[in-house]
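Per chain, numbering begins at 1; letters A, B, ... match sequence-line order.
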2 protein chains.
Amino acid sequence: MSFSYRYPRPALTVDCVVFGVHEGRLLVLLIRRGQAPFRGDWAIPGGFVDVQESIDDAARRELQEETGLTNVYLEQLYTFGAVNRDPRERVVSVAYYALVRRVEHQEVAASDAAQAEWFPVDELPSLAFDHEEILQTALARLRAKVRYQPIGFELLPTKFTLTQLQQLYETILGHEIDKRNFRKKILATRLLKPLEEFASGRHRSARLYRFDRSQYQKLVKQGVNFEI
Amino acid sequence: MSFSYRYPRPALTVDCVVFGVHEGRLLVLLIRRGQAPFRGDWAIPGGFVDVQESIDDAARRELQEETGLTNVYLEQLYTFGAVNRDPRERVVSVAYYALVRRVEHQEVAASDAAQAEWFPVDELPSLAFDHEEILQTALARLRAKVRYQPIGFELLPTKFTLTQLQQLYETILGHEIDKRNFRKKILATRLLKPLEEFASGRHRSARLYRFDRSQYQKLVKQGVNFEI
DNA sequence: ATGTGTTAGTGTATATATTACACTATGCCA
DNA sequence: TGGCATAGTGTAATATATACACTAACACAT
């Protein structure tokens with residue numbers, strides 16, 4: 001079966017830069033390509049948009065198929081439409097980025113056949129197609145966005161300590177933050193709900209908090225800002 | 001002649017929200033549709049992406065063909081990919097927005113056959129397809145972006161007075177700004193070059209300034225912020 | 001049980017940025 | 001030459017951001 005059109009059409013794909021955090025490092029999930037072109041190189045997970053699904057759905061479906069990840073924070077990033085992005089034929093790609101909570105190997109094991117692996121963003125292998133550019137665009141967006149929108153929480157477990165949160169911000173922004181100032185600011189947003197639970201650790205145990213999503217939505221409606 | 005593919009492909013279009021300013025109002029340029037669907041309704045200029053042109057080139061080409069505008073500030077906005085955006089067939093559209101300096105009727109006269117007209121953003125007619133959503137997305141982006149990036153200059157003549165610039169910000173942001181504070185802030189950016197020319201008016205003539213693009217690029221490299 | 005090491009948790013003083021606010025200057029025109 | 005409309009200017013009050021160091025609690029080793 002084949003489908004014909006009066007004029008040639010670019011193929012349409014979605015690609016998804018998946019971010020995670022582990023031991024204070026910011027990671028991206030990459031897929032090893034099993035086929036030419038760029039066989040053996042690493043690439044961002046992605047694939048063709050079906051004609052009967054929205055592009056957002058396509059991004060989620062490809063993510064699930066290639067990495068087993070579901071229920072992640074997903075946001076459209078940018079559309080890459082240079083003529084020679086793909087050596088085979090004209091392909092336009094709508095890029096997304098995803099934030100995932102648990103960076104563990106089991107989670108990406110559901111992958112069908114494809115190898116998936118986490119890489120620290122500062123130790124990336126060379127990437128297929130224009131995926132280096134896509135990844136850098138995603139990284140820039142994440143760094144910019146984390147300053148004025150509380151998306152960082154999507155990278156942490158639902159219950160977390162303030163130190164974990166601060167380390168996350170330091171990891172993403174790439175610089176140290178003063179502990180007292182950070183706590184003042186982050187608590188002033190009123191987006192954190194202190195719990196009566198404490199993290200058990202090798203030392204003094206820290207209070208756990210959770211992100212108060214309903215409070216966030218309420219404050220967004222009031223036009224409140226959340227710059228950190 | 002026809003082109004066939006193993007799987008059906010969404011059609012790919014670009015649409016372009018064109019902003020201008022006139023007499024203290026923010027305007028958008030719309031095209032009256034001559035054909036079904038939505039015949040007679042107003043729409044954002046746009047059209048199909050050719051297989052041998054980049055999506056940015058496609059946006060510029062369609063803008064030129066439908067409105068005669070060239071050499072405008074153009075930036076990708078968002079990609080709209082819901083399944084039923086277009087009642088005829090699956091169409092994914094990469095939306096752009098453009099900022100133009102002179103809002104005059106001659107400029108859009110080059111249009112081939114299509115009627116083009118400027119509408120104030122607060123008095124829009126009903127629009128074809130999902131163009132209302134695209135337009136509101138563009139408006140939100142413009143309002144957000146003007147606060148931290150000096151794109152407002154793209155809507156003014158190359159030489160302008162501080163009062164013109166202030167009115168532009170007031171128009172886009174939708175609220176009044178204190179004159180002295182505005183001047184302090186905008187001059188502190190060092191992005192404005194005072195000229196030895198003065199605008200002739202009915203009253204005291206005002207000094208003209210121009211946007212110093214090279215200075216801007218220098219400061220961007222240094223990571224300077226330009227919040228207003 | 002006591003000491004040591006490690007992380008949690010807290011407040012204040014200073015510097016910087018933002019806001020609020022009103023008058024004089026200049027040029028056109030009647 | 002007087003009136004009117006717009007251009008242009010500074011300062012004080014308030015709010016926000018930054019810099020900075022010690023005590024508290026717990027685990028573990030002795």
- Query: By a strict heavy-atom criterion of less than 4.0 Å, which residues belonging to residues 156-178 of chain A are in contact with DNA chain C?
  - Reply: A/Thr163
Value in whole Å for how far the [atom2] atom of [N] lies from [atom1] of [X]:
| X | N | atom1 | atom2 | answer |
| --- | --- | --- | --- | --- |
| A/Lys185 | D/dA15 | NZ | C1' | 13 Å |
| B/Tyr209 | D/dA7 | OH | C1' | 10 Å |
| A/Asn181 | D/dA15 | CG | P | 19 Å |

- Item | Worked verdict on B/Phe129 versus B/Phe38 for ring pair (Phe, Tyr, Trp, His ring centres under 6.0 Å) | CA-CA 8 Å; B/Phe129 306 105; B/Phe38 300 102; 4.8 Å; yes
Would you mind writing out the side-chain donor-acceptor pairs for residues 151-162 of chain A within the sub-3.5 Å range, not counting sequence neighbours?
residue, atom, partner, partner atom, Å
A/Glu154, OE1, A/Arg101, NH2, 3.2
A/Glu154, OE2, A/Arg213, NH1, 3.1
A/Lys159, NZ, A/Glu197, OE1, 3.3
A/Lys159, NZ, A/Glu197, OE2, 2.7
A/Thr161, OG1, A/Gln164, N, 3.1

- Message: Once side chain to side chain contact (heavy atoms under 4.5 Å, CB included) is applied, do any residues pair with A/Lys185, and if so which ones, sequence neighbours excluded?
- Response: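 Scan of A/Lys185 (side chain to side chain contact (heavy atoms under 4.5 Å, CB included), adjacent residues dropped) gives none.
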- Just checking, is any N or O donor in the side chain of A/Ser205 or A/Ser200 under 3.5 Å from an acceptor N or O on the other one? no
- 5′-ward residue of the pair A/Arg180/B/Arg207 relative to DNA chain D: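 That would be B/Arg207.
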- Look at the side chain of B/Lys179 against the base of D/dT6 and say whether a donor-acceptor pair falls under 3.5 Å; ignore hydrogens and angles.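 No pair found.
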Is there a side-chain contact between [X] and [Y] (heavy atoms, below 4.5 Å)?
| X | Y | answer |
| --- | --- | --- |
| B/Trp42 | B/Leu127 | yes |
| B/Leu139 | B/Val17 | no |
| A/Ile55 | B/Val92 | yes |

- Message: How would you summarise protein contacts on nucleotides 23-30 of chain D per nucleotide, using B for base, S for sugar-phosphate only and - for none, with heavy-atom distances below 4.0 Å?
- Response: -BBBS---
- Query: If only atom types and distance count, is the side chain of A/Asn225 paired as donor or acceptor with the main-chain N or O of A/Glu227 below 3.5 Å?
  - Reply: no
- Item | Heavy-atom donor-acceptor pair, A/Glu66 side chain to A/Gly46 backbone, under 3.5 Å | yes
- CA sep, side-chain torsions, deciding dist, call: B/Arg33, B/Asp41, salt bridge (Lys or Arg N to Asp or Glu O under 4.0 Å): CA-CA 6 Å; B/Arg33 287 185 57 84; B/Asp41 280 2; over 6 Å; no
Hey, can you pull the donor-acceptor pairs under 3.5 Å for the side chains in residues 169-177 of chain A, sequence neighbours left out?
residue, atom, partner, partner atom, Å
A/Glu170, OE2, A/Gln166, NE2, 3.2
A/Glu170, OE2, A/Ile177, N, 2.9
A/Thr171, OG1, A/Gly24, O, 3.1
A/Thr171, OG1, A/Gln167, O, 2.8

- Start and end of chain B contact along DNA chain C [non-hydrogen atoms, under 4.0 Å]: C/dT19 to C/dC28
